[in-house]
Amino acid sequence: MTSQHPSFTAPQGTHADLAAFLLQRLAMIYKDTEVAAHTARRLEQVIANRHEQRSTALKALDAKRLNNPQWFTGNHFMAYSTYVDKFGGTFKGVQQRIAHLQSLGVNYVHLLPFLKMRPGQNDGGFAVEHFTEMEPRLGTTEDFQALSVALREAGISLCADLVLNHVADTHDWALRARSGDPSCVAMFHWRSAEAKDALEPLLPQIFPQTAPGNFVWVEEQGRYVWSTFYTYQWDLNYSNPDVLVGMIDNMLALANMGVEVFRLDSAAFLWKKEGTNCMNQPECHWILQCFRAAAQWCAPGVLLKAEAIVPTRELPPYFGLDDAAGKECHLAYQSSLMAAAWYSLANSDASLVQRILGELPAMTDTTTWISYIRCHDDIGWNVLKPELTGNEPEQLKYASAFFSGQVPESFAKGISFQATHPDAVHGTNGMTADLLGWAEHRQDELGWARYQLMTAFMFSLGGIPMVYMGDELAQHGQDIALQATWTDTRDIHRPPLDDSAMLAAGVPGSRAHSALNWIKTLRQLHMNWLTATNTSHLRLVDTHDPRLLSIQHGAVTCVFNFSGQAVPWPAALNGHRTAHDLLMPNETPAERAAVQPYQALYLVLA
Ligand code: GLC
């Protein structure tokens with residue numbers, strides 16, 4: 001296909017391959033060789049322009065990373081995810097907190113949306129008004145550039161959201177579409193009342209209470225526009241090449257400002273196909289592959305991360321399969337293991353985690369998971385549904401109720417997220433310490449043990465462990481009394497970083513101190529011991545007790561008790577009865593008779 005358009009041939013070698021691949025994918029997306037060829041030429045121009053503007057420093061980084069394509073896998077990275085305003089107030093404030101990130105061992109920071117956002121309601125900044133301008137509250141473009149340089153100098157890669165499925169209804173494209181500019185009208189999906197009613201039954205309801213339905217009436221157009229998320233987030237129409245070219249240009253502009261990792265927000269939703277749920281469509285992957293090819297060509301040091309909160313079995317295509325192997329995303333969230341860990345804690349039964357771990361897809365040396373227990377969104381239980389057998393659907397409902405204050409014997413203090421139906425399994429919101437019921441006083445041994453368990457589990461998984469803001473201080477969520485000011489109940493776990501907890505972290509015996517030092521310890525052990533390059537190199541040890549999970553991670557045998565009971569030492573680990581526990585370096589264990597309630601162990605044989 002390249003030969004039809006000799007002008008779209010890059011210099012040589014890999015660039016020529018990328019050009020050919022891009023052209024082929026464009027032809028698959030648009031099903032028209034003329035359109036594909038024309039779009040390819042436009043993209044080539046965009047890539048060339050952005051490459052020319054790319055700084056020498058960033059080009060040097062690109063070259064270094066091209067020579068070491070595994071630079072982000074293994075135990076190299078530890079991530080931290082936070083909002084600019086909650087963490088430091090402004091870009092400058094974040095810069096002043098770089099030392100805090102470094103003290104944790106963080107070398108990858110995900111700053112949640114910071115681009116110019118819709119005034120008023122904006123879904124935590126996920127309603128973007130301008131893709132290359134900064135939100136004025138947070139600082140200027142110069143402040144952002146200074147922050148990105150400072151992070152790079154500190155050895156921290158900056159991750160930013162690329163909200164590529166939708167724009168704010170105040171974005172220029174939406175404003176012009178509303179007023180009838182045909183080139184902008186064509187950037188969105190429009191439907192009549194009858195047509196949208198016919199589509200709704202198959203479509204997911206993301207915010208069924210605060211934004212029911214997938215369409216919103218636009219008076220000036222006399223029809224509905226597609227808006228999967230909030231009504232002010234208008235889905236882009238990727239069947240129009242202008243959208244793809246415009247969004248790739250935005251990505252490369254941000255890459256030139258120093259963004260090193262793009263979190264491809266809502267990546268599953270990019271392609272609409274009537275008669276389907278409009279998620280995970282093949283075209284969606286071809287589009288993501290175009291983003292990858294453009295990034296690879298212009299800024300090869302940049303990584304792409306799929307935010308596809310879908311069951312694990314649907315995730316391999318996001319890394320690229322068959323002729324696209326290694327040509328889509330470098331990273332993806334492992335949300336099934338995240339949800340399964342909480343499920344296991346509620347049910348004192350780790351067999352679901354064990355099963356998911358045992359069935360993880362094979363990973364290559366240049367792809368990996370983000371391993372996490374909390375993030376800025378709810379714990380979405382639905383990703384687990386395809387994994388469940390027997391009475392597990394009941395146990396899933398129980399887990400959701402357990403963490404949302406509906407089970408009297410529960411230690412957890414979370415709240416539920418919206419759902420379509422009273423019988424549906426509601427997502428769960430809350431900060432880690434609250435969901436774990438870790439009470440303020442350090443003497444709450446069981447709460448502390450649960451914190452150790454969940455975090456040690458996250459670090460053991462062979463992906464990139466990601467700490468969510470404030471969890472390193474075991475911070476509490478926002479006061480429920482503020483609920484009237486929230487967009488939705490996810491705001492409970494979006495509190496400002498607590499300065500008093502930061503201070504308390506310096507006082508031995510405080511909860512914040514215990515938490516912070518624990519995370520630092522885990523990161524040290526991660527760097528020194530947890531050397532498996534990815535999940536494919538982990539081995540499960542069958543403990544024959546559903547309460548206990550055991551993972552062989554290189555030289556370390558990790559043992560996790562997901563129950564509140566002391567569990568007799570498993571025969572499968574008899575050889576480890578007196579093994580050294582890296583997590584308790586000062587203790588020389590007597591022969592172990594049991595795994596203590598919620599205990600985590602990282603055992604090494606002498
Ligand atoms: C992603 C974000 C979420 C946001 C949604 C719509 O899922 O994580 O916070 O509401 O996209 O942009």
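Computation of the quantities below employed the complete heavy-atom set of this structure, encompassing side-chain atoms and omitting hydrogens, waters and symmetry-equivalent molecules. Atoms within a ligand are numbered from 1 in the order they appear, just like the ligands themselves.
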Q | Atom indices of ligand 1, in the order listed, that fall short of 4.0 Å to a heavy atom of His166 | A | 6 (C), 12 (O)
Q | Protein contact to atom 10 (O) of ligand 1 [nearest heavy atom, distance to 0.1 Å] | A | Asp123 OD2, 2.6 Å
(Q) A side-chain contact here means heavy atoms from C-beta on lying under 4.5 Å apart; do Leu43 and Leu26 qualify? (A) yes
Q.
Below 4.0 Å from ligand 1: does a non-hydrogen atom of Gly124 turn up there or not?
A. no
Q) Considering only protein heavy atoms, which is closest to atom 2 (C) of ligand 1, and at what distance to one decimal place? A) Asp265 OD1, 3.2 Å
Q: Could you list which atoms of ligand 1 come closer than 4.0 Å to a heavy atom of Arg263?
A: 2 (C), 8 (O)
Q. Have His476 and Asp434 got a donor and an acceptor in their side chains that come within less than 3.5 Å?
A. yes
Q: Using a strict cut-off of 4.0 Å, indicate which atoms of ligand 1 neighbour a heavy atom of His376.
A: 2 (C), 3 (C), 8 (O), 9 (O)
Q.
Checking side chain to side chain contact (heavy atoms under 4.5 Å, CB included) between Tyr238 and each of Asn165, Ile29, Val243, which is the one that passes?
A. Val243
**Q.** For Phe229, the ligand 1 atoms whose distance to one of its heavy atoms is below 4.0 Å
**A.** 5 (C), 6 (C)
Q. Do the rings of Trp190 and Phe188 sit parallel, tilted or perpendicular, given the 30° and 60° boundaries?
A. perpendicular
Q. Can you list the atoms of ligand 1 that are under 4.0 Å from a heavy atom of Phe207?
A. 10 (O)
Q) atom 8 (O) of ligand 1: which protein heavy atom is closest, and how many Å away? A) Asp377 OD2, 2.4 Å
Q. Side chains of Phe291 and Leu244: closer than 4.5 Å at any heavy-atom pair?
A. yes
Q: Specify whether His285 and Tyr318 have parallel, tilted or perpendicular ring planes, treating 30° as the upper limit for parallel and 60° as the lower limit for perpendicular.
A: perpendicular
Q) Is the Phe229 ring parallel, tilted or perpendicular to the His166 ring (thresholds 30°, 60°)? A) tilted
**Q.** Shortest protein contact, atom 7 (O) of ligand 1 (heavy atom only)
**A.** Glu307 OE2, 3.0 Å
Q) Does ligand 1 have an atom that lies less than 4.0 angstrom from a heavy atom of Tyr230? A) no
(Q) Tell me the closest heavy-atom pair linking Glu328 and Leu288, and the distance in Å. (A) OE2-CD1, 3.3 Å
